[in-house]
Engineer: 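Submitted below is the structure of interest, expressed as structure tokens.
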There are 2 protein chains.
Amino acid sequence: MKIGELSRATGTNIETIRYYERIGLLPAPGRTAANYRSYGDAHRARLAFVRHSRDLGFTIEEIRSLLDLSDNPTRECDEADRIATRHLEQVQEKITQLSLLRDELARIIGRCRGGIAADCRVIEALSDHSHCENAHV
Amino acid sequence: MKIGELSRATGTNIETIRYYERIGLLPAPGRTAANYRSYGDAHRARLAFVRHSRDLGFTIEEIRSLLDLSDNPTRECDEADRIATRHLEQVQEKITQLSLLRDELARIIGRCRGGIAADCRVIEALSDHSHCENAHV
DNA sequence: CTTGACCCCGTAGTTGCTACAGGGTGCATA
DNA sequence: TATGCACCCTGTAGCAACTACGGGGTCAAG
């Protein structure tokens, strides 16, 4: 299949596919006589793996390690577990921080009763961190 | 005060302060005879506003608008309210998505019982989106 | 034979910084 | 007086993970 089809099949931007190839995340496919990239099912599966991992928030470098494991199925899977667990911790940490942020924003907005900027509680709250109830980043 | 003092006073990297000046977020301060930047309290307050807003996740462009409002206190504060509200919505959306992600990751990891990569549930789950219970991004 | 959809490559832009390299300034100490 | 050191200056390049050109080639339909 050509790059446009692969793009549609995986919901990946064409430029992104070429980018993944350039950074060595996807193997360079064969070419047609017209020098068009020609992909097979293995390529599609690998790209799906990459996209799914990216959707789950893994970095490119993490995905490199995961692909490496996936390519060497006799290796211990401890590392995959470790990568995923560490990532889970990071996601949880991010959720916690964003929740504090949300509460702080809601509090700031809640105090605004309209009017002119001189009396704006949003602006006032942003001017002075000491008004914050929760320690955010 | 010199840039190093401002940096310590606001917990902002020196390079970041110069960066903010370069992109016009902070006004260029006066200079000493030795061409060192010389800041006053107004600069410190403005930088604190910027840092606080960044900590709350506002983009530079949003901060530009907020600063603009803050500089023109007779303007209606609707826009500040609008910016903050939109941002709150985005934060909430992000929290929702990350929570789905966390659940998905926890589910994937929970199925892993160690062993070799060929049997690794983490790798398997990443290979195939159809195993997902929640629609994530 | 031309129109349009598709493909190629290379490079530059995005966001919000951070990190040099290569130099100048200012003060204390040997 | 020299010299070491902390601090400051500018300008440019790097980071992640794409995205968006610009300027061209290919190919089937009308």
Side-chain angles (χ1 to χ4, degrees), chain A residues 1-26 28-39 43 46-47 49-67 83 86-87 90-91 94 97 101 136-137, chain B residues 1-26 28-39 43 46-67 83 86-87 90-91 94 97 101 137:
Chain A
M1 98 191 79
K2 283 188 284 180
I3 200 165
E5 293 169 79
L6 181 63
S7 166
R8 281 185 296 276
T10 59
T12 311
N13 206 319
I14 288 178
E15 334 264 295
T16 305
I17 297 173
R18 288 200 280 249
Y19 167 71
Y20 286 160
E21 179 183 326
R22 199 161 59 245
I23 64 171
L25 205 57
L26 296 181
R31 299 286 180 130
T32 68
N35 199 31
Y36 289 3
R37 287 173 179 82
S38 176
Y39 298 96
H43 291 103
R46 197 179 180 89
L47 178 53
F49 184 105
V50 169
R51 285 315 303 170
H52 192 196
S53 302
R54 284 293 302 132
D55 286 346
L56 288 168
F58 289 96
T59 64
I60 299 281
E61 288 316 305
E62 285 169 338
I63 295 169
R64 246 186 248 282
S65 304
L66 291 168
L67 279 171
I83 292 170
R86 187 160 42 82
H87 184 53
Q90 285 166 5
V91 169
K94 189 89 192 167
Q97 286 189 3
L101 225 75
H136 55 74
V137 188
Chain B
M1 90 190 86
K2 283 188 285 181
I3 199 167
E5 294 171 78
L6 182 63
S7 165
R8 282 185 295 277
T10 59
T12 311
N13 206 318
I14 288 177
E15 333 265 294
T16 305
I17 297 173
R18 287 199 281 247
Y19 167 71
Y20 286 160
E21 180 182 327
R22 200 161 59 245
I23 64 171
L25 206 56
L26 296 181
R31 299 287 180 128
T32 68
N35 200 31
Y36 290 3
R37 287 173 179 81
S38 176
Y39 297 97
H43 291 103
R46 197 179 179 90
L47 179 53
F49 184 105
V50 169
R51 286 314 304 170
H52 192 196
S53 303
R54 285 293 301 134
D55 286 347
L56 288 167
F58 288 95
T59 65
I60 299 281
E61 289 315 306
E62 284 168 337
I63 295 170
R64 244 187 249 282
S65 302
L66 291 169
L67 279 171
I83 291 170
R86 185 160 42 82
H87 184 52
Q90 285 166 5
V91 169
K94 190 88 193 168
Q97 287 190 3
L101 225 75
V137 188

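Convention: sequence-line order gives letters A, B, ...; per-chain numbering from 1.
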Engineer: What I'd like to find out is whether the side chain of A:Arg37 reaches to under 4.5 Å of the side chain of A:Lys2, using heavy atoms alone.
Structural biologist: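 No - every pair of side-chain heavy atoms lies 4.5 Å or more apart.
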Engineer: Please give the angle, rounded to 10 degrees, between the axes at the start and the end of the helix from C:dC1-D:dG30 to C:dA30-D:dT1, where five pairs define each axis.
Structural biologist: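 One end's axis against the other's: 30°.
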Engineer: In whole angstroms, how far is the P atom of C:dC6 from the CD atom of A:Glu5?
Structural biologist: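 It works out to 10 Å between those atoms.
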Engineer: Are A:Arg37 and C:dC7 close enough that a side-chain N or O sits under 4.0 Å from OP1 or OP2?
Structural biologist: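 A:Arg37 to C:dC7 OP1/OP2: no side-chain N or O under 4.0 Å.
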Engineer: Do the side-chain N or O atoms of B:Arg18 get closer than 4.0 angstrom to the phosphate oxygens (OP1, OP2) of D:dT10?
Structural biologist: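 For B:Arg18, the contact criterion (side-chain N or O under 4.0 Å from OP1 or OP2 of D:dT10) is not met.
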Engineer: To the nearest Å, how far apart are B:Ile14 CD1 and C:dG16 P?
Structural biologist: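 Distance check: B:Ile14 CD1 to C:dG16 P gives 22 Å.
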Engineer: In whole Å, I'd like the distance from the CZ atom of A:Arg64 to the P atom of D:dA17.
Structural biologist: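 Rounded to whole Å, this separation is 10 Å.
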Engineer: Quick one: which of D:dA17, C:dC7, C:dG16 gets closest to the side chain of A:Ile60?
Structural biologist: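 Nearest nucleotide to the side chain: D:dA17.
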Engineer: Between the base of D:dC21 and the side chain of A:Glu15, is there a donor-acceptor distance below 3.5 Å?
Structural biologist: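 Present.
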Engineer: What is the separation between atom NZ on B:Lys2 and atom P on D:dC8, rounded to the nearest whole Å?
Structural biologist: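 Taking atom P of D:dC8 as the reference, NZ of B:Lys2 is at 6 Å.
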Engineer: Does B:Thr16 have a side-chain nitrogen or oxygen under 4.0 Å from the phosphate oxygens OP1 or OP2 of C:dT18?
Structural biologist: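 So the side-chain polar atoms of B:Thr16 do come within 4.0 Å of the phosphate oxygens OP1 or OP2 of C:dT18, strictly under.
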Engineer: Ignoring hydrogens and geometry, is there a side-chain-to-backbone donor-acceptor pair from A:Thr12 to A:Ser7 under 3.5 Å?
Structural biologist: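 Pair absent, no side-chain N/O of A:Thr12 close to backbone of A:Ser7.
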Engineer: When you measure from the side-chain N and O atoms of A:Asn35 to the phosphate of C:dC8, is any distance below 4.0 Å, counting only OP1 and OP2?
Structural biologist: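 No, no such contact exists.
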Engineer: Would the distance check show the side chain of B:Gln97 and the main-chain N or O of B:Lys94 forming a donor-acceptor pair, the cut-off being under 3.5 Å?
Structural biologist: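 Such a contact is absent between B:Gln97 side chain and B:Lys94 backbone.
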Engineer: Check whether any side-chain heavy atom of A:Leu66 lies under 4.5 Å from a side-chain heavy atom of A:Phe49, and answer yes or no.
Structural biologist: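 Counting from C-beta outward, A:Leu66 and A:Phe49 do come under 4.5 Å.
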Engineer: Please determine whether a side-chain nitrogen of the Lys or Arg among A:Glu61 and A:Arg64 lies less than 4.0 Å from a carboxylate oxygen of the Asp or Glu.
Structural biologist: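 A salt bridge is present here (some side-chain N lies under 4.0 Å from a carboxylate O).
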Engineer: Show each protein N/O and nucleotides 22-27 of chain C N/O combination with a separation under 3.5 Å, one pair to a line.
Structural biologist:
from, atom 1, to, atom 2, distance (Å)
C:dG24, N2, B:Tyr36, OH, 2.8
C:dT25, O4', B:Tyr36, OH, 3.1

Engineer: Should B:Tyr20 and B:Ile60 count as side-chain neighbours, where that means a heavy-atom distance under 4.5 Å?
Structural biologist: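 Yes; the side chains approach each other to less than 4.5 Å.
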Engineer: Where each residue is assigned the nucleotide of DNA chain D containing its nearest heavy atom, which of B:Arg8 and A:Tyr20 is assigned the position nearer the 5′ end?
Structural biologist: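 Residue closer to the 5' terminus by nearest nucleotide: B:Arg8.
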Engineer: Kindly determine whether B:Arg18 and B:Glu15 satisfy salt bridge (charged side-chain N to carboxylate O under 4.0 Å, His left out), including the steps that lead there.
Structural biologist: CA-CA 5 Å; B:Arg18 287 199 281 247; B:Glu15 333 265 294; 3.8 Å; yes
Engineer: Think A:Arg54 has a side-chain N or O under 4.0 angstrom from the OP1 or OP2 of D:dC18?
Structural biologist: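 Yes, A:Arg54 has a side-chain N/O under 4.0 Å of OP1/OP2 on D:dC18.
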Engineer: For B:Asn13 and D:dC7, what is the distance between atoms CG and P respectively, to the nearest whole Å?
Structural biologist: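 One finds 14 Å between P of D:dC7 and CG of B:Asn13, rounded.
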Engineer: For the residue pair A:Tyr39 and A:Ile17, establish whether any side-chain heavy-atom pair is separated by less than 4.5 Å.
Structural biologist: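 SC-SC contact between A:Tyr39 and A:Ile17 confirmed.
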Engineer: Phosphate oxygens OP1/OP2 of D:dC8: is one of them under 4.0 Å from a side-chain N or O of B:Arg31?
Structural biologist: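 No, because none of the side-chain N or O atoms of B:Arg31 sits under 4.0 Å from OP1 or OP2 of D:dC8.
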Engineer: Nearest to the side chain of A:Tyr19, which nucleotide is it out of D:dA17, C:dT11, C:dT18?
Structural biologist: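 Taking heavy atoms from C-beta onward, the closest nucleotide is D:dA17.
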Engineer: Nearest whole angstrom, please: distance from the P of C:dC17 to the CD of B:Glu21.
Structural biologist: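 Rounded to whole Å, this separation is 15 Å.
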Engineer: Is there a donor-acceptor contact under 3.5 Å from the side chain of B:His87 to the main chain of B:Leu56?
Structural biologist: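 Side chain of B:His87 to backbone of B:Leu56: a pair is present.
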